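Since the structure is predicted, the reported quantities are computational estimates derived from the model, not experimental observations. Protein chains get the first letters and strands the later ones, always in sequence-line order, with residue 1 at the start of each.
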There are 2 protein chains.
Amino acid sequence: MSVAVTIRDVARQAQVSVATVSRALTSPDLVRATTRERVLAVAADLGYQPNLAARGLITGKTGNIGIVVPDLNNPFFTGVLKGVQNQARLASHAVFVADSDEDPAAEEQLVRAMAKQVDGVILCSPGIDEQQVRELAESTTLVLLNRRMRGVPAALMNSGSGLRQVIDHLVALGHHRIAYLNGPRTSWSNKERRRGLRIAVQRHDVDLVDMGPFPPRYEGGLQAADLAMAENVTAIVAYNDIMALGVLARLRDRGVRVPDDVSLTGFDDLMFGALCQPPLTTVAMPVVPAGRLAVDLLLDRLANRDAEVRQDELDTQLIVRATTAPPA
Amino acid sequence: MSVAVTIRDVARQAQVSVATVSRALTSPDLVRATTRERVLAVAADLGYQPNLAARGLITGKTGNIGIVVPDLNNPFFTGVLKGVQNQARLASHAVFVADSDEDPAAEEQLVRAMAKQVDGVILCSPGIDEQQVRELAESTTLVLLNRRMRGVPAALMNSGSGLRQVIDHLVALGHHRIAYLNGPRTSWSNKERRRGLRIAVQRHDVDLVDMGPFPPRYEGGLQAADLAMAENVTAIVAYNDIMALGVLARLRDRGVRVPDDVSLTGFDDLMFGALCQPPLTTVAMPVVPAGRLAVDLLLDRLANRDAEVRQDELDTQLIVRATTAPPA
DNA sequence: ATGAAAGCGCTAACAT
DNA sequence: ATGTTAGCGCTTTCAT
């Protein structure tokens with residue numbers, strides 16, 4: 001067990017008051033160099049680690065940040081978490097993580113539970129409604145990730161642009177009739193993608209077949225594949241990679257060749273999209289940078305509460321692999 | 001920002017002392033029912049949330065647990081994290097997470113940094129040596145996951161048994177000459193798998209070609225594939241799924257058919273093993289249950305420091321899919 | 001059954 | 001430059 005060496009042990013051993021020890025550690029310029037060195041030496045010798053909870057009690061800062069994600073099994077969110085974790089470490093902050101299991105009620109409760117122990121919370125792709133998010137923002141410093149809302153700082157990825165790049169790519173290849181397989185209608189991500197879609201479609205005058213919504217999973221793709229083929233499209237744009245993989249599997253089973261008979265794109269650039277056969281054309285989401293950005297936004301806000309609310313958007317990028325080709 | 005309602009606000013409003021409020025919340029039997037209800041009502045009304053840091057300062061318990069993993073991008077560890085997170089929530093504990101980026105030095109430092117803020121730490125697949133782990137175990141309550149060490153509680157998965165099941169399966173199909181593609185020589189997981197391998201091999205009298213080590217990644221598989229084929233084996237047992245996927249890709253490029261020309265197995269049962277073509281025969285590791293188990297072990301240990309050190313092992317299970325068949 | 005008071009480990013005035 | 005003191009919000013004796 002921890003030997004529980006406190007600031008007093010250090011003070012005694014170094015022959016100074018606890019205040020001096022505290023200062024030597026947190027505001028080194030306030031103590032004479034020789035004293036400081038002696039204190040620091042003793043602290044190191046004793047293996048003294050300040051009790052952050054006690055410190056936080058008085059400073060009002062915990063040095064912790066929290067992150068709430070819908071699902072830790074989703075590589076999208078663990079990518080974000082990785083970025084958050086990296087950047088937090090650079091700023092000497094520890095991170096609390098909670099998984100809401102896609103349950104909005106849990107989401108709300110988890111943020112509240114964290115609030116007391118952290119300086120702020122990063123809320124990823126929240127399923128709760130705007131009103132609830134605003135209430136949470138009252139109880140703690142909040143930064144949103146992958147959702148935009150007036151007045152709340154947010155780390156965003158421009159998925160609209162990603163989808164525009166997809167359509168541009170398909171049109172350049174010569175496609176005119178394209179299916180879009182919707183994800184959940186209510187999700188902010190799906191709305192953003194459709195927005196990009198609408199813009200691109202207007203620009204190019206292509207036939208868009210707007211299908212779904214489908215579950216944003218492998219099974220959703222299996223189901224969508226046949227429906228899309230019945231629409232005589234030459235290209236299928238799936239809501240995300242996993243759905244695209246389901247489409248790919250179903251098409252293969254039916255003997256439909258990709259990309260010879262039909263082109264297919266995903267979204268997210270999860271690792272296995274590069275490893276499947278044929279490798280998937282998709283859009284890379286900068287999830288790790290987004291996690292880092294969210295930490296920066298949070299720390300900025302903590303440092304300067306009156307600054308303007310930042311909502312920064314990171315670029316997405318089309319990754320052309322082997323599931324797209326000119327139509328037959 | 002948090003409205004900072006403290007126990008004193010509740011006390012004043014409920015016309016009792018802070019001590020009574022404290023008791024109403026933590027030892028309800030010590031206060032009269034009517035008083036308790038009044039206090040609780042006021043607390044709820046004011047939206048009072050006890051400051052856990054302050055509570056921890058006096059009780060010596062934080063209500064937090066920590067977990068340190070080598071890589072948050074690895075689905076294996078996020079599965080564990082998911083289990084940890086679930087179980088911790090059931091026990092009303094929050095979880096700190098840290099990612100060491102496979103760096104042993106960081107691993108050690110992260111555990112130490114966490115130690116003060118948590119009741120105990122779950123250390124996953126540590127890369128540090130036994131001596132260092134023991135030192136860490138001095139500074140906090142430690143539970144290992146995916147590594148066994150005398151005297152330290154551990155949540156384990158029987159990967160030896162998994163590999164035995166793989167060999168039994170291959171032998172039953174009629175294979176006699178089998179390659180094993182080693183992961184990192186120093187890793188506990190690889191040692192365990194080889195142990196299972198040795199036992200199975202002795203029992204069946206098969207020719208084992210022990211190859212590697214290879215990087216436990218896709219690239220490792222690409223590299224290993226040609227070497228394995230040069231050994232004239234009829235089956236390849238990869239250290240893990242990702243490596244197996246690399247092997248699969250390389251074999252396909254060379255025109256070697258799986259499983260017709262050669263059988264192939266992975267290990268871990270990551271999602272994309274089921275989605276690739278052909279779907280991968282592999283061994284399922286109970287990562288989520290292992291995470292839960294680790295939390296149980298930790299809480300048990302916290303509750304009863306003198307109890308015997310538990311090292312529980314969960315069963316692994318062969319998942320037969322389509323990359324294994326009788327040899328040509 | 002309840003209250004008063006001490007103190008967990010620390011920082012921040014306020015002294016000197 | 002350093003020490004003294006008063007809390008931060010809470011639990012827990014010890015009284016009553």
Side-chain angles (χ1 to χ4, degrees), chain A residues 1-40 42-43 46-64 92 113 115-119 139-140, chain B residues 1-40 42-43 46-64 92 113 115-119 139-140:
Chain A
M1 293 324 313
S2 69
V3 247
V5 22
T6 79
I7 198 173
R8 271 209 271 280
D9 300 321
V10 179
R12 194 176 317 123
Q13 181 105 357
Q15 316 255 47
V16 292
S17 72
V18 294
T20 301
V21 177
S22 173
R23 281 189 279 253
L25 263 46
T26 59
S27 358
D29 345 325
L30 265 48
V31 336
R32 191 170 46 204
T34 62
T35 324
R36 186 191 341 153
E37 275 158 35
R38 180 157 40 94
V39 170
L40 262 32
V42 171
L46 264 44
Y48 169 69
Q49 301 261 93
N51 182 322
L52 298 178
R55 177 181 290 174
L57 207 49
I58 182 157
T59 60
K61 313 239 119 280
T62 62
N64 300 145
S92 302
K116 274 277 146 49
Q117 297 197 74
V118 301
D119 295 337
S139 74
T140 187
Chain B
M1 296 323 314
S2 71
V3 247
V5 22
T6 80
I7 197 171
R8 270 210 273 279
D9 300 321
V10 179
R12 193 175 319 122
Q13 181 105 359
Q15 316 256 47
V16 292
S17 72
V18 294
T20 301
V21 176
S22 173
R23 282 190 278 253
L25 263 47
T26 59
S27 354
D29 343 326
L30 264 52
V31 336
R32 191 170 44 205
T34 61
T35 322
R36 182 187 348 147
E37 276 158 33
R38 179 156 43 94
V39 170
L40 262 33
V42 170
L46 264 44
Y48 170 69
Q49 301 260 93
N51 182 324
L52 298 179
R55 178 181 289 176
L57 207 49
I58 181 156
T59 60
K61 313 239 119 282
T62 62
N64 300 146
S92 304
K116 273 279 149 39
Q117 299 200 72
V118 301
D119 295 338
S139 74
T140 187

Nearest to the [X] side chain among [options], which nucleotide is it?
X	options	result
Ala54(B)	dG9(D), dT12(D), dT11(D)	dG9(D)
Arg23(B)	dT2(C), dT2(D), dC8(C)	dT2(C)
Ile7(B)	dG3(C), dT11(C), dC10(D)	dC10(D)
Thr35(A)	dG3(D), dT11(D), dA1(D)	dA1(D)
Ala19(B)	dT11(D), dT2(C), dT12(D)	dT12(D)
Ser17(B)	dG7(C), dG3(C), dG9(D)	dG3(C)

Mind checking if Ser22(B) touches a base, just sugar-phosphate, or nothing, with heavy atoms under 4.0 Å?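 Base, at least one base heavy atom under 4.0 Å.
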
Need one value for Leu52(B): base, sugar-phosphate or nothing, where a base atom within 4.0 Å counts as base even if backbone is also close, heavy atoms only.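 It contacts nothing in the nucleic acid.
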
On DNA chain D, compare the nucleotides closest to Arg8(B) and Leu25(B); which residue's is nearer the 5' end?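 Upstream on the strand: Arg8(B).
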
Reading DNA chain D from 5' onward, which residue's closest nucleotide shows up sooner: Asp29(A) or Val18(A)?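 Upstream on the strand: Asp29(A).
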
Any Arg32(A) side-chain nitrogen or oxygen under 4.0 Å from OP1 or OP2 of dA1(D):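 Answer is no, no contact under 4.0 Å.
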
Rounding to a whole Å, what distance do you find between [X]:[atom1] and [N]:[atom2]?
X	N	atom1	atom2	result
Leu57(B)	dC10(C)	CG	P	9 Å
Gln117(A)	dG9(D)	CD	P	16 Å
Lys116(A)	dC8(D)	NZ	C1'	13 Å

Flag the pair [X] / [Y] as yes when at least one side-chain heavy-atom distance between them is below 4.5 Å, and no otherwise.
X	Y	answer
Arg38(B)	Thr35(B)	yes
Leu25(A)	Leu40(A)	yes
Asn51(B)	Leu57(A)	yes

Given Val39(B) and Val31(B), is the side chain to side chain contact (heavy atoms under 4.5 Å, CB included) satisfied, shown in steps? CA-CA 10 Å; Val39(B) 170; Val31(B) 336; over 6 Å; no

